[in-house]
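In what follows, every heavy atom counts, from backbone to side chain, and hydrogens, waters and symmetry copies are set aside. Nothing fancy with the numbering, it's 1 onward along the sequence.
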Amino acid sequence: MKKITLCWLVVFTGIMSTLQAQYVYDFKHTADVFYNSRDYYSAAQYYNKALGTFKIKPEQVLPYTASGAAAPTGKLKDYQQVVARLAESYRLFYDYGNAETWYAQLVGFNNPAFPQARYWYAVCLRYNGKYQQALEEFKKFKQSYTVADELSVRTPLEIACCEFALSEANKEPRFTIEKTAGNVNEGGANYAPVILDQGTLLFTSSRAENPPLPTTTKQPTTKKQTKKGTPYVNDLYTATGSGNTFDNSQKLKIPAAKGYDQGVSAITPDGNSLYITRWSMKDGVKQSAIYFSSRQNGAWSEPKILGENVNVSGYNSMQPYITADGKYLLFASNRPGGMGKNDLWYCIMTNGTPGGARNMGTTINTKDEEQAPFYDAEKNLLVFSTDGRVGLGGLDFFQSEGDFGTWSAPVNMGKPLNSPKDDIYYTALDNTHPFAAGFISSDRESICCLEVFSVQRIRKLASGLIIDCDTHLPLQGATVSLLDTVRRKTIRKVTLDATGRYTFEVDPQRYYKIIAEKENYFTKALYFNTDSLVRIDSMDNPTLCLKHYEIEKPIVLNNIYYDFGKATLREESKIVLDTVVEMLNDNPKLTIEMSAHTDSVGSVKFNDKLSQARAQSCVDYLISKGISPERLIAKGYGKSRPIAPNSLPNHKDNPEGRQLNRRTEFKVLKRQVQVKAEDDSNSSQ
């Protein structure tokens, strides 16, 4: 919430500056006073005025060189100092456009008195989306800056962020984003939206409850307003509507505390308990804590501060989030035991009371900022904002899969959810489908303040048909699972109706696996990628047929050939056996018997030995392809189990019958144990 206080300053001090200008003539001194009191907006106005008092000729403003030339003195030195302070002032109240302009001039001076200027120039370029220029400036800074400090440590991350942003430029977006319509974004900062009730958006705003009247020369204002008396205080507001349009904004009827801002809230699943953040500024330092309020008979109670499990004296706790199942309270805090600045923490809730806070660990937290957690309990997906990882700039949205025991490495959620500026406070429009639609806060279209935007997931669909291999009819009752092959995780599982068709929502440019299974059918897998969904909205996978089987019932493998009188497999036979390899990989709990049979020519002993050798050749080939020997049995039956006459009724030779008897089969010896899709994901690919 670093930008919130400055939003009312931009409006309020703009009015005050007009009044004070007629009494102030030493613009630089006045600017310094504002700068030292951290009123950077006012400081910038007066540094601009101060620049107008210098009579510096263009040829005097030359780059400083270290080759024996004297450093600037007198008015030229003062001029460069004012430019430096002006650039700093614009940056510190987040006007990166103007800051870029003045840093560009400051860097041009090449004055060793401002060694960090190039770094901040690059930062402004990056915030303004000029990634290639920013990358070049960061590299120059890295080469020339020799001080071991926070900037030198962060520069490699900034370089990586610029390179990442350039690599993301041509990727297909997963979301659409649009500023929320209505009067939600009306005045001041507007941020941290949550759904209070159906059709009601609860959000935090620093808008003026009673905006000051415009000042005129006929109606001078002599009474100075201070922060204590200004109307620009953060509080909770509601608006009603649907989709992306919410109107009728009004302050939530909840008690406020004098001298405190309040907002950034979380609502419990039953809608009757509210966790809010209250904060104040003391000597320019923010002090915040999390409070609790309950709703009874439609009215919110006086918020009560939570205990030391959440709030530690002398440290900040803020940005609460309660999971949809009510089991966890998540929040951001700089309390002891963290990794750096603000970390993400969580408490296990017991009968509505938070237990001891636990840090979410080094997989999630960095030495920089982690803020504003959101958790989808259905998908076990954490969404949060951080500026400590490679992203597009400022605070970016990242996601991590986990169950509060372990977490996957956070992944940047890409554009347009993320921008060169700060992106924070994701919330779902509907908790039953958390990532179908929702809201975020971002200052991507503002100089000073966060605003509310709606986000909509771009639907991309992959469909297909599952049939019976023998009847070619749709296989009703079969289950189909969609797996992410990179994360090796099941995304969704469905049971087919009479149509035999499945449809899954997928992301473009990803790799997936479909697993189709039904009892007493061989499971089958299909791998596919969604590159085509960059251009279209849906794709149809090839039809999969599942083969029915019965325990101990042989299945003939056609086109298995051996050299005459030998057990050597011919090359064309291996193609058929590869289908068995694929089947066994898709059915990792299956044990089979590979069997070989002969016709009646030759002795019993010879045929028994030959058939056993041929069966073993098949098993050996399957083992060479990675199938475990424990799942395979070789059995030669010789000429003991003919399926056709070897001779005709007139005792003449029957070539067709003998051909049928010279066969290779397999049969399932053990019934396949029902395997979860997650287990199937570990099968060979």
Side-chain angles (χ1 to χ4, degrees), residues 1-12 40-41 90-97 99 127-129 175 177-195 201-208 231-239 244 246 249 251-252 261-266 276-279 281 286 288 316 318-321 332 342 369-374 383-387 391-398 413 415-428 438-455:
M1 294 183 286
K2 61 186 181 182
K3 301 182 180 177
I4 309 309
T5 304
L6 290 172
C7 291
W8 69 265
L9 281 172
V10 170
V11 179
F12 175 62
Y40 301 115
Y41 177 82
Y90 276 125
R91 176 178 65 85
L92 290 170
F93 80 85
Y94 313 106
D95 184 349
Y96 298 109
Y127 268 118
N128 294 329
F175 296 87
I177 185 166
E178 183 180 5
K179 186 185 292 187
T180 300
N183 61 0
V184 169
N185 292 310
E186 187 175 274
N190 301 281
Y191 58 104
V194 295
I195 302 300
L201 190 69
L202 177 66
F203 62 101
T204 305
S205 179
S206 65
R207 66 187 61 191
Y232 301 99
V233 177
N234 291 274
D235 209 340
L236 289 165
Y237 286 75
T238 61
N244 185 43
F246 287 84
S249 294
K251 187 175 287 190
L252 181 71
D261 293 74
Q262 66 181 10
V264 192
S265 60
I276 68 172
T277 308
R278 277 184 174 176
W279 68 95
M281 301 296 292
K286 180 179 176 181
S288 64
N316 292 332
M318 60 184 185
Q319 301 167 340
Y321 176 79
N342 284 298
E369 291 285 351
E370 276 71 45
Q371 295 189 22
F374 171 89
V383 174
F384 63 100
S385 292
T386 179
D387 63 2
L392 297 181
L395 292 166
D396 266 19
F397 287 109
F398 282 75
M413 298 182 74
K415 64 169 192 173
L417 211 58
N418 291 317
S419 72
K421 293 189 177 181
D422 286 335
D423 304 288
I424 189 172
Y425 300 118
Y426 179 84
T427 192
F439 298 93
I440 66 167
S441 303
S442 178
D443 63 340
R444 65 186 63 193
E445 295 183 13
S446 171
I447 292 177
C448 67
C449 305
L450 293 171
E451 298 175 300
V452 178
F453 291 79
S454 70
V455 296

Going from OH on Tyr41 to CG on Leu92, what distance comes out if it is rounded to the nearest 0.5 angstrom? 15.5 Å
Among Thr238, Asn183, Asn185, find the one that has a side-chain hydrogen bond (donor to acceptor under 3.5 Å, both in side chains) with Ser249. Asn183
Are Asp423 and Leu395 packed together at the side-chain level, in the sense that at least one heavy-atom pair is separated by less than 4.5 angstrom? no
Distance in Å, Ser442 OG paired with Phe397 CZ, rounded so as to fall on 0.5 Å steps: 8.0 Å
Is any side-chain heavy atom of Leu392 closer than 4.5 Å to one of Ser419? no
Under 3.5 Å, is there a donor-acceptor pair between the side chain of Lys286 and the main chain of Asn316? no
Short side-chain to backbone donor-acceptor contact, Thr204 and Val264, under 3.5 Å: yes
Full working for side chain to side chain contact (heavy atoms under 4.5 Å, CB included) between Glu178 and Phe453: CA-CA 5 Å; Glu178 183 180 5; Phe453 291 79; 5.9 Å; no
Go through it in stages, so that I can follow the logic: the residues are Gln319 and Tyr425, the test is side chain to side chain contact (heavy atoms under 4.5 Å, CB included), and I'd like the CA-CA distance, side-chain angles, deciding distance and then a yes or no. CA-CA 9 Å; Gln319 301 167 340; Tyr425 300 118; 3.1 Å; yes
Could you pull out the closest heavy-atom pair between Phe384 and Glu370, with the gap in Å? CE1-CG, 3.9 Å
Over 60° means perpendicular and under 30° means parallel, so classify the ring planes of Phe374 and Tyr426, tilted if in between. perpendicular
Residue pair Tyr191 / Asn234, side-chain donor-acceptor N/O under 3.5 Å: yes
Regarding Glu451 and Asn190, do their side chains bring together a donor and an acceptor under 3.5 Å, going by distance alone? no
Closest heavy-atom pair and its distance - Val452, Phe439: CG1-CD2, 4.0 Å
Expected output: side-chain Ser441 to main-chain Ala192 donor-acceptor under 3.5 Å: yes
Short question: side chain of Asp422, backbone of Gly394 - any donor-acceptor pair under 3.5 Å? no
Which is it for Met413 and Asn418 under the side chain to side chain contact (heavy atoms under 4.5 Å, CB included) test, yes or no, and what are the steps along the way? CA-CA 7 Å; Met413 298 182 74; Asn418 291 317; 4.3 Å; yes
Can you name the nearest heavy-atom pair linking Ile276 to Pro320, along with the distance? N-CG, 4.2 Å
Does Asn244 offer a backbone N or O that forms a donor-acceptor pair with the side chain of Thr180 under 3.5 Å? no
Taking atom CG of Leu450 and atom CD of Glu445, what is their separation to the nearest 0.5 Å? 12.5 Å
Can you check whether Leu236 reaches Leu202 side chain to side chain, under 4.5 Å on heavy atoms? yes
Write down the atom of Ile177, the atom of Pro416, and the distance for their closest heavy-atom approach. CG2-CB, 3.7 Å
State, with a plain yes or no, whether a side-chain heavy atom of Ile195 is found less than 4.5 Å away from one of Leu201. yes
